[in-house]
Amino acid sequence: VQLVESGGGLVQAGGSLRLSCAASGRVTDISAMGWYRQAPGKERELVASVGSGGVSNYADSVKGRFTVSRDYAENTLDLQMNRLTPENTAFYCCNAVVTVVTIERKTELNYWGRGTQVTVSS
């Protein structure tokens with residue numbers, strides 16, 4: 001699975017950005033997709049995800065401002081970010097999980113895109 005992100009950039013506080021992640025390869029094996037971010041000096045954290053059942057999950061800090069959407073036909077995962085604040089400045093990466101099930105075990109493989117920078121100025 002290959003993931004390519006787009007849509008990052010510089011925006012003023014209060015503005016909006018839309019990130020998009022395009023998946024290719026064995027996309028039919030993808031069970032879940034999500035957006036993660038890492039700010040300088042901080043650990044990587046989950047921003048939003050869409051699970052295998054289509055259920056969305058958000059970090060508390062972005063609920064009500066960010067919307068994640070997955071297009072199964074186009075194999076994309078978008079993240080609409082509204083009312084951005086400087087605290088949202090980070091490097092955002094797309095993640096895809098492929099679940100491999102055998103008789104012995106179930107294994108989750110994580111794939112990552114190269115990421116895109118989001119900078120929110122005050």
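Quick note: numbers below take in every heavy atom, side chains included, and nothing from hydrogens, waters or symmetry partners.
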- [ ] Please test Trp35 against Cys94 for side chain to side chain contact (heavy atoms under 4.5 Å, CB included), starting from the C-alpha separation and ending with a verdict.
- [x] CA-CA 5 Å; Trp35 284 98; Cys94 180; 4.2 Å; yes

Open item on the list: Using side chain to side chain contact (heavy atoms under 4.5 Å, CB included), reason through Arg65 and Asn88 one step at a time and then give a plain yes or no.
Closed with: CA-CA 11 Å; Arg65 298 187 297 121; Asn88 299 134; 3.1 Å; yes

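- By the rule that hydrophobic residues join a cluster once side-chain heavy atoms approach within less than 4.5 Å of another member, Val4 and Val68 end up as members of separate clusters.
- Looking at every heavy atom in both residues, Leu46 comes nearest to Asn57 through CD2-ND2, 3.5 Å.
- In plain terms, the two heavy atoms of Ala73 and Asp71 that are nearest each other are N-OD1, 3.0 Å.
- Every residue was checked against the side-chain hydrogen bond (donor to acceptor under 3.5 Å, both in side chains) condition with Ser122, not counting sequence neighbours, and none meets it.
- Between Gln38 and Lys42 the shortest heavy-atom distance is NE2-O, 3.0 Å.
- In this structure, the side-chain contact (heavy atoms from CB on, under 4.5 Å) partners of Val27, at least two apart in sequence or on a different chain, are Ala23, Ile30, Asn75.
- With hydrogens and angles ignored, the 3.5 Å screen pairs no side-chain donor or acceptor of Arg83 with any backbone N or O of Ala13.
- Cluster annotation: Phe91 is not connected to Val118 through the hydrophobic network of ILVMFWY side chains, with a link wherever side-chain heavy atoms come within less than 4.5 Å.
- Counted by atom type alone, Tyr92 and Arg37 present one or more donor-acceptor pairs between their side chains at under 3.5 Å.
- A heavy-atom distance below 4.5 Å is not found between the side chains of Val1 and Asp29.
- No donor-acceptor pair closer than 3.5 Å links the side chain of Ser31 to the backbone N or O of Ser52.
- With no hydrogens or angles considered, no side-chain donor-acceptor pair links Asp78 and Ser69 at under 3.5 Å.
- A 4.5 Å side-chain heavy-atom check between Leu10 and Gln117 finds every atom pair outside the cut-off.
- Donor-acceptor pairing under 3.5 Å is lacking for the side chains of Glu74 and Thr76.
- Residue Leu77 is grouped with residue Tyr58 when hydrophobic side chains (ILVMFWY) are merged at heavy-atom distances under 4.5 angstrom, including chains of intermediate members.
- Looking at heavy atoms from C-beta onward, Leu79 lies out of side-chain contact with Thr67 at the 4.5 angstrom threshold.
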Side-chain donor-acceptor distances from residues 104-116 under 3.5 Å, at least two apart:
from   : atom 1 : to     : atom 2 : distance (Å)
Glu104 : OE1    : Thr102 : OG1    : 3.4
Asn110 : OD1    : Asn95  : ND2    : 3.0
Thr116 : OG1    : Gly8   : N      : 3.3

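- What you find for Leu84 and Leu17 is that their closest heavy atoms are CD1-N, 3.8 Å.
- At a threshold of 4.5 Å between side-chain heavy atoms, the hydrophobic network of Ile, Leu, Val, Met, Phe, Trp and Tyr places Val50 and Leu3 in one connected group.
- The two residues Arg18 and Gln80 have their closest heavy-atom pair at NH1-OE1, 3.0 Å.
- Hydrophobic clustering, with ILVMFWY side chains joined whenever heavy atoms are under 4.5 angstrom apart, keeps Phe66 apart from Tyr36.
- Although no hydrogens or angles enter the test, the distance criterion places no donor-acceptor pair under 3.5 Å between the side chain of Glu5 and the main chain of Cys21.
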